[in-house]
Structures are given as structure tokens and as C-alpha cells.
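My structure is below; once you've seen it, I'll send some questions.
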Amino acid sequence: HASDCGKTTTGENKSAGSCEAGFGGDAIESCVACVQGKYKSTTSNTDCTECDAHALDCGKTTTGENKSAGNCTAGFGGDANTNACSPCVKGKYKIKVGNTDCTECDIWSSDCGMGIDGSNLSAGSCKAGYSGDAFLGTCQLCSAGKYKISNGNWGCSSCDAFASNCGQNTISGKTSA
């Protein structure tokens, strides 16, 4: 599995070539398929690289197909190609697999970045007194004459015409829950 073995620009065939992607080692000695948990994405005479512990689809075979570092799992931002998948910090989340950074939580969301298992997989939901969708970053204060008594990604309800202090924060007098 050496590329360019015996090929030179002068025809003298003095090169053993380089180990192909998915194979580690030195073409002079032997190119060996990357074992499970390792990968190599370039053609070179180098060893296979250890997969990031939080990378999905990295190093799953032993047949020379381990050419990709994979992608950081949900709840982890960064780039698996540089072994840099890191958990999203408080105030950030990531719900999809990919080599991207974590997303900032909407300032008016609750439980953002707190999945059931403590991982940062969720955008949360808009706090009580705020309508919209935390995933879209659209949480907004309920307008005058409207209210919302619990957290959720839905709109505010209209106050009954005969309700007093509806849509008023009883402490500040501002519209909110």
C-alpha cells in the first residue's frame, strides 16, 4: 500500500514511496492498515493517529479504510481532525454531529446546554414571560397584555379583558411572568 513506489522523475526508481491514507508506517519497511481507534488521512510515511475520544465514525475498521478523523459528537465542539473535540461549556450547546463550534444559548432561554445526562445537547426553551424558540434564538419578552407562566418554545397568551395585573411582573411592574 505504498504510493509512488519505484517512480522517480529520472526513471532511476530510488524511492519506496509513501504509505497511503489509511495505512501507517514507512513504505521502506511496511505499510500497515490503521487499527481500530486510529486513522491517517494523508499519504506519508507516518504512523496512524489516535482518534479523539469524542469523534464519531473515526477508526472503525482494520482494512485500511480508516482515512478520516470523523466528526465531533453532539455536545462537543471543535474539530476531530486536530483531536480537539471539547465539551460545550455552560451557556453553549451543540445538537448535531460535526466539526463545528458550540452555539451560544439564547439569553432568555432556560435549561440551555443541559441535556438529560448533563451534556450540552439542548438549546433549552424560552423562559416564562418570553415567547419564541430558543433553538432559533428568538426568545422575546411577552408584549403588554400577554403572559406566559411556564418555560417553553411557544407564544404568549392574551390576558383576559377583566384580569388585573395580567402580564405584569408583580415586583417590577414590567411585562413578564
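Just so we're clear, the structure is a prediction, and the values are computed from it rather than from any experiment. What you see below is based on every heavy atom in this structure, not just the backbone, and it leaves out hydrogens, waters and symmetry mates.
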(message) Side chains of C88 and Y93, heavy atoms from C-beta outward: is any pair under 4.5 Å?
(response)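 Not touching, per the 4.5 Å side-chain cut-off.
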(request) State whether the side chain of K40 and the backbone N or O of S44 hold a donor-acceptor pair below 3.5 Å, judged by distance alone. (result)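 Flag set: sc K40 to bb S44 pair under 3.5 Å.
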(message) Closer than 3.5 angstrom, by distance alone: can the side chain of S68 be matched with the main-chain N or O of G70 as a donor-acceptor pair?
(response)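 Here the side-chain-to-backbone pair exists.
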(request) Check whether any side-chain N or O of K148 sits under 3.5 Å from a backbone N or O of C126 as a donor-acceptor pair, and report yes or no. (result)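 At least one qualifying donor-acceptor pair exists.
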(message) Please report the interatomic distance SG(C58) to CD(E50), rounded to the nearest 0.5 Å.
(response)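 It comes to 8.5 Å.
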(request) Write down the atom of A123, the atom of C112, and the distance for their closest heavy-atom approach. (result)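 Heavy atoms only, the tightest pair is O-CB, 3.4 Å.
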(request) Drop me the distance from Y39's OH to C51's SG, to the nearest 0.5 angstrom. (result)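 Rounded to the nearest 0.5 Å, the OH-SG separation comes out at 7.0 Å.
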(message) Quick one: does any side-chain atom of N66 pair with a main-chain N or O of C34 as donor and acceptor, under 3.5 Å?
(response)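 Here the side-chain-to-backbone pair exists.
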(request) Mind listing the closest non-hydrogen atom pair of K146 and C156 along with its distance? (result)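 In this case the closest contact between K146 and C156 is CB-CB, 3.8 Å.
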(request) Grab the two heavy atoms, one from G75 and one from L121, that are nearest each other, plus how far apart they are. (result)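 Looking at all heavy atoms of both residues, the closest pair is N-CD2, 3.2 Å.
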(request) Nearest 0.5 Å please: distance from the SG atom of C142 over to the CD1 atom of I149. (result)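 Here the interatomic distance stands at 11.0 Å.
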(request) If a pair satisfies salt bridge (Lys or Arg N to Asp or Glu O under 4.0 Å) and one of its residues is in residues 93-110, list it, with sequence neighbours excluded. (result)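 Sorted pair list: K92-E104.
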(request) Mind checking the OH-CG spacing from Y147 to D160? Nearest 0.5 Å is all I need. (result)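 Taking OH in Y147 and CG in D160, the distance rounds to 8.5 Å.
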Give every donor-acceptor pair under 3.5 Å between a side-chain atom in residues 133-141 and any protein atom, sequence neighbours left out.
{"from": "D133", "atom 1": "OD1", "to": "F135", "atom 2": "N", "distance (Å)": "2.9"}
{"from": "T138", "atom 1": "OG1", "to": "D133", "atom 2": "N", "distance (Å)": "2.9"}
{"from": "T138", "atom 1": "OG1", "to": "D133", "atom 2": "O", "distance (Å)": "3.2"}

(request) For N71 and A55, indicate whether the former's side chain and the latter's backbone hold a donor-acceptor pair under 3.5 Å. (result)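 A pair under 3.5 Å: no.
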(message) Which residues pass the side chain to side chain contact (heavy atoms under 4.5 Å, CB included) test with D79, not counting sequence neighbours?
(response)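 Applying side chain to side chain contact (heavy atoms under 4.5 Å, CB included) to D79 gives N81, T82, N99.
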(message) Nearest 0.5 Å, please: how far is SG in C31 from CG in N45?
(response)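 Rounded to the nearest 0.5 Å, the CG-SG separation comes to 6.5 Å.
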(message) Strictly distance-based, threshold 3.5 Å: is any side-chain N or O of N83 a donor or acceptor partner for the main-chain N or O of D52?
(response)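 Answer holds: yes.
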(request) State yes or no: do I107 and Y130 share one hydrophobic cluster built from I, L, V, M, F, W and Y residues joined by side-chain heavy-atom distances below 4.5 Å, directly or via other members? (result)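 Yes, I107 and Y130 fall within the same hydrophobic cluster.
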(request) Establish, from distance only, whether the side-chain atoms of S110 and N151 form a donor-acceptor pair under 3.5 Å. (result)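 There is such a pair (donor and acceptor under 3.5 Å, judged by atom type) between the side chains of S110 and N151.
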(request) Can you measure from NE2 (H54) to SG (C72) and round to the nearest 0.5 angstrom? (result)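 The SG atom of C72 is 9.5 Å from NE2 of H54, to the nearest 0.5 Å.
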